[in-house]
Amino acid sequence: MNFKGTVIVEKEEEWFVATCFENRVASQGKTVDEAIENLKEALELYYEDDAA
């Protein structure tokens with residue numbers, strides 16, 4: 001699956017929250033990289049039905 005979107009990463013206390021601007025899917029992690037990786041996984045699940 002290929003998806004291009006705008007990702008906003010914000011620090012909230014001890015977590016980084018990554019949010020996709022286009023569809024409001026969000027995830028978090030202890031580092032920026034971890035938050036982005038977790039967001040990729042969340043987006044795959046979000047679009048899972050569209051890929052079928």
Side-chain angles (χ1 to χ4, degrees):
M1 173 183 94
N2 287 327
F3 173 80
K4 289 189 179 190
T6 305
V7 175
I8 299 166
V9 180
E10 300 175 294
K11 184 161 172 116
E12 294 185 9
E13 296 185 22
E14 295 187 23
W15 293 91
F16 289 93
V17 178
T19 306
C20 179
F21 180 78
E22 285 76 13
N23 54 28
R24 311 291 283 167
V25 173
S27 194
Q28 65 185 19
K30 294 230 178 216
T31 66
V32 172
D33 289 337
E34 184 179 317
I36 291 171
E37 284 301 314
N38 291 341
L39 179 61
K40 287 178 185 178
E41 183 177 328
L43 287 168
E44 286 176 7
L45 293 171
Y46 182 82
Y47 287 111
E48 188 172 60
D49 290 338
D50 291 346

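Throughout, residue positions are numbered sequentially from 1 according to the sequence presented.
From I36, atom CD1 reaches atom CG of L43 across 11.5 Å, with rounding to the nearest 0.5 Å.
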Can you give me every donor-acceptor pair (side chain of residues 20-30, partner residue at least two apart or in another chain, under 3.5 Å) with its distance?
unit_1	atom_1	unit_2	atom_2	d
E22	OE1	T6	N	2.8
E22	OE2	T6	N	3.3
E22	OE2	T6	OG1	3.2
N23	OD1	V25	N	3.1
N23	ND2	Y47	OH	2.9

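Partners of V7 by side chain to side chain contact (heavy atoms under 4.5 Å, CB included), not counting sequence neighbours, listed by chain and number: V9, A18, L39.
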